[in-house]
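For reference, the structure is listed below as structure tokens.
Treat the numbers as computed from the prediction; the structure is a model and nothing was measured.
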Amino acid sequence: MTPRPWLSRRNRRDLGVTLILSLLLLLALPTLPAAAGANLVANGGLESVGADGFPVCWERSGWGDSPYTFDVTAQAHTGARAMQITLAQTTAGDRKAMMLENPSCAPNVSPGHQYDLSVWYTTTTPNTAMTVFRRDVAQGWVYWTDLASLPVTSAYQQQTVRTPQVPPGTDQIVWGVTLYGAGTLRTDDYRMEDVTQPSPGTTACTAGAACTKGAWQVMPFDTPVRAIHAVVLHNGDVLLVAGSGNNLDDFAAGTFKTAVYRPSTGAFSNVATPADLFCAGHVQLSDGRVLVMGGNKDYPSADGTVGYKGLRDSFVFDPATSSYERVNDMSAGSWYPSATILGNGDVISLGGLNEDSSGMVATQYFDASEERWLGLGEANQTWSFWGLYPSMILMQDGRLFYTGSHVFGNGLPGTGASIYDYGANTITPVPGLQNKDERDQSMSVLLPPAQDQRVLTLGGGNIDTNPDANRLTDLIDLKQAAPVYTAGPLLPTGVGQTATQGKMYVSAVLLPDGKVFETGGALHNRADPVFEASMFDPVTDTFTAGLATDPVPRGYHSSAFLLPDGRVMAVGNNPGDGTFDTRVSVYSPPYLFRGARPQILTMPDNTWAYGSANTITVDGPILKAELIRPAAVTHSSDPNQRFVDLPMTVTGNTIALNLTSNPNLAPPGWYMLFVVGANGVPSVAKWVKVG
């Protein structure tokens, strides 16, 4: 931890007064619950150590020139290890036994909640205090408060302190014990429990409704761009692309926008945008750059006789330079094109509107090795129109499954779904999709794990006839020789809805615990937001209804996507009056309230070959491990989203993770590696490059 300027300026006599007042306040606290809730501290017993021999998730920190030692000692309260600090003299400065300020180690908290913090300690000096810092979503890490002074004791003694209510805009805290006078301090067995709700017996979670519903937080800032497109980059940042943002005035002025959002700091940076990438296609290439294709050449004519027109332009966004580079033009204009990466790293794009506003019927093929779009005569052609943003999911045999999810109006002729074989140049109808002409801005996902080859399609409507959006879901097993959709369970209804009303503009997000979180939507075309969220379990094919709902409407031009810390971020909403909601919401799923996260202690290699076994070490038992491809989402469409199971070979806390040998199951590129602990809580992701 870097030195804190406030500490270097603070009068220690004032600190002592503050600590005495804090201690008096503690005496008035209500009686602690008899049953313990989940311990939110990672490695609270200090038993897991890193390569440097120091406890994982803890650091040596402090400031000043006083001589000191900072050790791991066997004189522990329990187990084999405790932390020990010795200051040789009392001068300006201090030393702290403090948690690391990173998403994996810092406990998650909820604004308005209170937490009991406890530690076992010995100290030879009264100049010892419990100190807390908080992560403000707009400012980053800031000092929060000193909670209590710790009386001198030669035998281990437990100190338990209740925090004030967590301030708004705070999502994590770190805390520890500060030594600011000559003496020796030992600490061990740290605990932190949410005591906002009385502990219900032996329940593992004491966070109240968040235990089962999760919790939303609306960030105290807006996006500087209309977030039409969102891509989670392999450095953890989020690319938000607007182009003209469905704003004719900005289009006429040539005002095209992109921003990069950094969840770690809450900061945005603007990116020079070379063309109107409004309603382009995008996909992450195997090296982590983002291929962006097509976009808006022109808005419809005033009399409505000519519609939107597609661009041929194509660019690659490089996260390393935060800039776009132009590649060669596509073979045809594309507005609302699909984009699917193949097992060899190439990209197929289908559908959309051409430069003259007609349906684009070419198969457009990007050769990644040559970094160029092939000409019409170089790519296999069926001259078929696939609609707008057709959801094309890569199958394990290399074919593409068109799920029937699309944008605008009716579905395609025939059954509404099909399998496209690029190599054989064939299209095979797939039957069973319910009400195919009312699946406009439904969403389809390849269910966890990708090895099971099952797809779920949810909801939808029709902006032409504008009926009530539906509750339909459909399931299909693509391993079958002749796959057929079957009806799935109905989507849960939102507040005030009838038994038949569902939603379009659906967002569905694959979570690290293997479930699918669905959120957002509206009942009609660009109107009547639906506030409903649920969790789909692929093991039982059932929804859990009644989850916490995003307080911000999320209809047309909205997106939700997984962040590397296991939370879900939601952006956008563009009602029929032309306005755009620039607020940002972040959802913490129920698993983040069940206790401390598991830790990936070591990962010697982050570049994994197909068919390889890749060793990591963890701090305790884990249930599963998986790779999740980061989002590249727009208009309820992210056909490249997938969850790849990693079978484990377990030797104590050393785990060999076995990657599939089939690149069609895990197309090359960067993935988020999660492990899930025995308590069902996922780690913060590590980044792995596959292929």
Measuring from [X]:[atom1] to [Y]:[atom2], what's the distance to the nearest 0.5 Å?
| X | Y | atom1 | atom2 | answer |
| --- | --- | --- | --- | --- |
| Asp565 | Ser588 | CG | OG | 7.5 Å |
| Ser585 | Arg567 | OG | CZ | 11.5 Å |
| Leu646 | Phe674 | CG | CZ | 12.0 Å |
| Ser110 | Gln165 | OG | CD | 12.0 Å |
| Gln157 | Thr122 | CD | OG1 | 10.5 Å |

Subject >> side-chain hydrogen bond (donor to acceptor under 3.5 Å, both in side chains) between Gln172 and Arg134, worked out >> reply: CA-CA 6 Å; Gln172 290 184 310; Arg134 67 183 183 89; over 6 Å; no
Subject >> Which residues share a salt bridge (Lys or Arg N to Asp or Glu O under 4.0 Å) with Asp513, sequence neighbours left out >> reply: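 With neighbours one apart ignored, the set is empty.
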Original post:
What pairs with Arg95 under salt bridge (Lys or Arg N to Asp or Glu O under 4.0 Å), at least two apart in sequence or on another chain?
Top reply: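 Salt bridge (Lys or Arg N to Asp or Glu O under 4.0 Å) list for Arg95, sorted by chain: empty.
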Ignoring hydrogens and angles, tell me if any N or O in the side chain of [X] forms a donor-acceptor pair with the backbone of [Y] under 3.5 Å.
| X | Y | answer |
| --- | --- | --- |
| Thr602 | Pro604 | no |
| Trp141 | Phe133 | no |
| Arg135 | Asp171 | no |

Subject >> side chain to side chain contact (heavy atoms under 4.5 Å, CB included) partner of Tyr180, the single match among Thr131, Asn127, Thr125 >> reply: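 The option that passes is Asn127.
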Subject >> Reference residue Trp58; test side chain to side chain contact (heavy atoms under 4.5 Å, CB included); the match among Met98, Met99, Lys96 >> reply: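 Only one of Met98, Met99, Lys96 forms a side chain to side chain contact (heavy atoms under 4.5 Å, CB included) with Trp58, namely Met99.
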Original post:
Do the ring planes of Phe221 and Tyr261 sit parallel (below 30°), tilted (30 to 60°) or perpendicular (above 60°)?
Top reply: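 Tilted, since the angle between the ring planes falls between 30° and 60°.
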Original post:
Which word best sums up how the rings of Trp216 and Tyr587 line up, parallel for under 30°, tilted for 30 to 60°, or perpendicular for over 60°?
Top reply: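 The arrangement is tilted - the two ring planes meet at 30° to 60°.
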Least distance between heavy atoms, [X] atom then [Y] atom:
| X | Y | value |
| --- | --- | --- |
| Thr153 | Tyr121 | CG2-CE1, 3.5 Å |
| Ile173 | Ala106 | O-CB, 3.6 Å |
| Gln217 | Thr170 | NE2-N, 3.7 Å |
| Thr78 | Glu47 | O-OE2, 3.8 Å |

Subject >> CA sep, side-chain torsions, deciding dist, call: Trp120, Tyr190, ring pair (Phe, Tyr, Trp, His ring centres under 6.0 Å) >> reply: CA-CA 7 Å; Trp120 288 85; Tyr190 289 75; over 10 Å; no
**OP:** Start with the C-alpha gap between Lys624 and Glu626, add the side-chain angles, then the distance that decides, and say whether salt bridge (charged side-chain N to carboxylate O under 4.0 Å, His left out) holds.
**Re:** CA-CA 7 Å; Lys624 66 176 77 174; Glu626 74 274 347; 5.8 Å; no
Original post:
Any side-chain heavy atom of Val676 within less than 4.5 Å of one from Val681?
Top reply: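 They are not in contact (no side-chain heavy atoms under 4.5 Å apart), so the answer is no.
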**OP:** Apply the test salt bridge (charged side-chain N to carboxylate O under 4.0 Å, His left out) to residues Arg81 and Asp188: give CA-CA distance (whole Å), side-chain angles for both, the deciding distance (0.1 Å), then the verdict.
**Re:** CA-CA 8 Å; Arg81 297 180 180 87; Asp188 196 6; over 6 Å; no
